[in-house]
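A quick write-up on the structure given underneath.
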Amino acid sequence: EERKEKIKKNGKSKVKDKDHVYILGDLSMKNKSDLNEVFQFLAELNGIKYLIPGNHDDERIKKIYSPLSIDEEKLLNKSKLFLLSQIEEISVPMPGNLPARKLVISHYPIYSFKSCGFNSTLLFGHIHNMYNQNRDFLEVLKKGIWTYREDLKLNPAKAYNVGCMTPWMDFAPKTLSEIEDFDKHLI
């Protein structure tokens, strides 16, 4: 409950109704959450929400694709939630004449992805607030695919753990520029 209240408070102060909010999994916590409660919670948050299911979402949240009761359908519509696939690539317009940025979003950290190193950024959750796992993942990326090609050395991909429970996210939605300003959690 305390986390939900913090998310609501932080979200209402930053997110407008037309803003796009990406949730990178673990929303329903398997069978511990009632689907109606999940939809009601989302309906209380501002923005248009997109969910990439996580390992804790299991079949509960994927029920969105199944027939819903009339009450569940109403709450889902009110919550403005859209379910995405496991990995999505989004093109983000940049100011002026700068080229668009590619964001790859996933619940899990990904070792190699389609636009890796080509003005792209990976955003993921899953490993929660485990600093050692974040650091280890970065080391694997530095020694692996991001270093064997000269063009990737010049323009390496960036990756960030944006799990809401990490100290740098603190249960608050962040813009891409805010995320990139947190060099301490660069992965």
Side-chain angles (χ1 to χ4, degrees), residues 1-29 38-39 41-57 61 79-96 98-110 113 115-138 141 146 155-187:
E1 274 316 299
E2 187 179 317
R3 288 179 178 182
K4 282 184 182 179
E5 289 309 311
K6 192 169 187 176
I7 289 169
K8 279 188 218 177
K9 180 183 171 200
N10 290 338
K12 287 191 184 279
S13 69
K14 287 191 79 169
V15 178
K16 308 289 183 256
D17 277 338
K18 293 185 179 183
D19 288 343
H20 296 257
V21 178
Y22 294 89
I23 304 165
L24 303 186
D26 294 350
L27 180 65
S28 65
M29 298 309 289
V38 171
F39 292 156
F41 171 70
L42 289 171
E44 294 171 18
L45 301 175
N46 293 338
I48 302 164
K49 290 146 298 265
Y50 301 89
L51 173 66
I52 291 185
N55 56 305
H56 290 292
D57 290 318
I61 203 68
S79 71
K80 298 185 209 166
L81 176 70
F82 299 93
L83 191 64
L84 301 176
S85 65
Q86 291 289 320
I87 302 168
E88 291 285 333
E89 187 171 296
I90 305 163
S91 185
V92 179
M94 299 306 285
L98 295 172
R101 292 283 304 280
K102 293 177 191 152
L103 287 183
V104 175
I105 57 175
S106 172
H107 176 67
Y108 300 101
I110 305 170
F113 49 93
S115 58
C116 180
F118 299 98
N119 200 28
S120 61
T121 301
L122 170 65
L123 303 177
F124 65 92
H126 182 64
I127 57 177
H128 306 276
N129 188 19
M130 298 177 193
Y131 177 77
N132 289 340
Q133 286 186 359
N134 285 331
R135 188 194 63 227
D136 294 347
F137 181 63
L138 175 58
L141 292 177
W146 293 1
N155 189 14
K158 297 176 185 136
Y160 299 92
N161 179 354
V162 294
C164 71
M165 72 288 300
T166 58
W168 48 86
M169 295 301 287
D170 194 29
F171 298 95
K174 306 281 188 215
T175 64
L176 180 58
S177 59
E178 288 174 318
I179 291 166
E180 290 180 323
D181 283 342
F182 289 124
D183 286 341
K184 63 186 171 212
H185 74 280
L186 177 66
I187 296 240

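The shown structure was predicted, so the numbers you read here are calculated from the model rather than taken from an experiment.
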Measuring from atom [atom1] of [X] to atom [atom2] of [Y], what distance do you get when rounded to the nearest 0.5 angstrom?
X    : Y   : atom1 : atom2 : answer
F171 : K4  : CZ    : NZ    : 13.0 Å
L103 : E89 : CG    : CD    : 9.0 Å
I52  : D26 : CD1   : CG    : 12.0 Å

Please report the closest heavy-atom contact between [X] and [Y], naming both atoms and the distance.
X    : Y    : value
W168 : K174 : O-CE, 3.3 Å
L123 : L24  : O-CD1, 3.5 Å
H107 : H126 : O-CB, 3.1 Å
Y108 : G54  : OH-C, 4.5 Å
G163 : T166 : O-OG1, 2.8 Å

Problem set entry | Pair F124-N161, side chain to side chain contact (heavy atoms under 4.5 Å, CB included): steps then yes or no | CA-CA 5 Å; F124 65 92; N161 179 354; 3.8 Å; yes
Review point. Under the 3.5 angstrom rule, does the side chain of D170 hit a backbone N or O of A172 as a donor-acceptor pair?
Key: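 No; judged by distance alone, with no hydrogens or angles, the pair does not exist.
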Ignoring hydrogens and geometry, is there a side-chain-to-backbone donor-acceptor pair from K49 to L42 under 3.5 Å?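 It does hold such a pair.
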- Query: side chain to side chain donor-acceptor pair (under 3.5 Å) with Y22: which residues, sequence neighbours excluded?
  - Reply: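 With neighbours one apart ignored, the set is empty.
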Just to verify, which of N46, N10, I23, D19 counts as forming a side chain to side chain contact (heavy atoms under 4.5 Å, CB included) with P173?
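Between P173 and the candidates, side chain to side chain contact (heavy atoms under 4.5 Å, CB included) is satisfied uniquely by N10.
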(message) Within the 4.5 Å heavy-atom criterion, are I110 and I87 side-chain neighbours or not?
(response)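 Counting from C-beta outward, I110 and I87 do come under 4.5 Å.
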| Close side-chain approach of L122 to Y160, heavy-atom, < 4.5 Å |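 No, their side chains stay 4.5 Å or more apart.
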